[in-house]
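Since the structure comes first, as structure tokens, the remarks are kept for the end.
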Amino acid sequence: MSISDEEIKHARNVVAEIVATHDPKYAPLFEILDVELKRREFRATLINKTISNSDLTKLRASRRKRRKSLLGRRG
């Protein structure tokens, strides 16, 4: 079972409130949740940046067009 980004954000906010109002001994838990969120955001940004800067999408699109045109010729 995977935990969504929204669930982690909610947990981080709850822990931040606990740390601020009750006890700073829970700060490491806040840091763990914060690092996990930042890691996920960085990974998503990197993937999107790589996809938008690469020719992979153009190559896929050209292959799709080529397949359609080949299918049209057979019929």
Side-chain angles (χ1 to χ4, degrees):
M1 179 175 130
S2 66
I3 299 172
S4 72
D5 293 350
E6 291 304 316
E7 290 171 320
I8 293 175
K9 285 178 188 177
H10 178 71
R12 182 188 62 174
N13 293 342
V14 170
V15 172
E17 193 172 324
I18 291 169
V19 169
T21 58
H22 296 290
D23 199 343
K25 73 179 181 183
Y26 297 106
L29 182 55
F30 172 82
E31 291 170 8
I32 290 168
L33 294 168
D34 192 54
V35 166
E36 176 63 19
L37 274 175
K38 288 178 182 175
R39 185 182 66 80
R40 289 180 179 205
E41 289 170 359
F42 176 76
R43 181 177 43 201
T45 302
L46 185 60
I47 289 170
N48 290 333
K49 184 178 175 183
T50 302
I51 288 172
S52 66
N53 289 338
S54 74
D55 292 328
L56 291 175
T57 54
K58 294 175 189 171
L59 288 174
R60 280 196 312 241
S62 67
R63 277 188 249 146
R64 260 187 257 128
K65 289 178 187 174
R66 189 171 39 222
R67 284 186 199 140
K68 288 181 181 177
S69 63
L70 290 175
L71 289 175
R73 290 183 191 168
R74 290 181 192 167

Enter the distance from [X]:[atom1] to [Y]:[atom2] here, rounded to the nearest 0.5 Å.
X	Y	atom1	atom2	value
N13	I8	CG	CD1	12.0 Å
S2	E7	OG	CD	8.0 Å
I47	I51	CD1	CD1	7.0 Å
L37	I32	CG	CD1	12.5 Å

Closest non-hydrogen contact found for V19 with Y26 is CG2-C, 3.6 Å
Are any of the side-chain nitrogens in K38 or D34 under 4.0 Å away from the carboxylate oxygens of its partner?
-> yes
Can you establish whether the number of heavy atoms outside I3 located under 6.0 Å from its atom CD1 is more than 12?
-> no
Take atom CD of E17 as the centre, draw a 6.0 Å sphere, and report whether it contains more than 12 heavy atoms from other residues, nucleotides or ligands.
-> no
Are L29 and V35 in one and the same hydrophobic cluster, where Ile, Leu, Val, Met, Phe, Trp and Tyr link if side-chain heavy atoms are under 4.5 Å apart?
-> no
Which of these, K9, R12, H10, sits in a side-chain contact (heavy atoms from CB on, under 4.5 Å) with L33?
-> R12
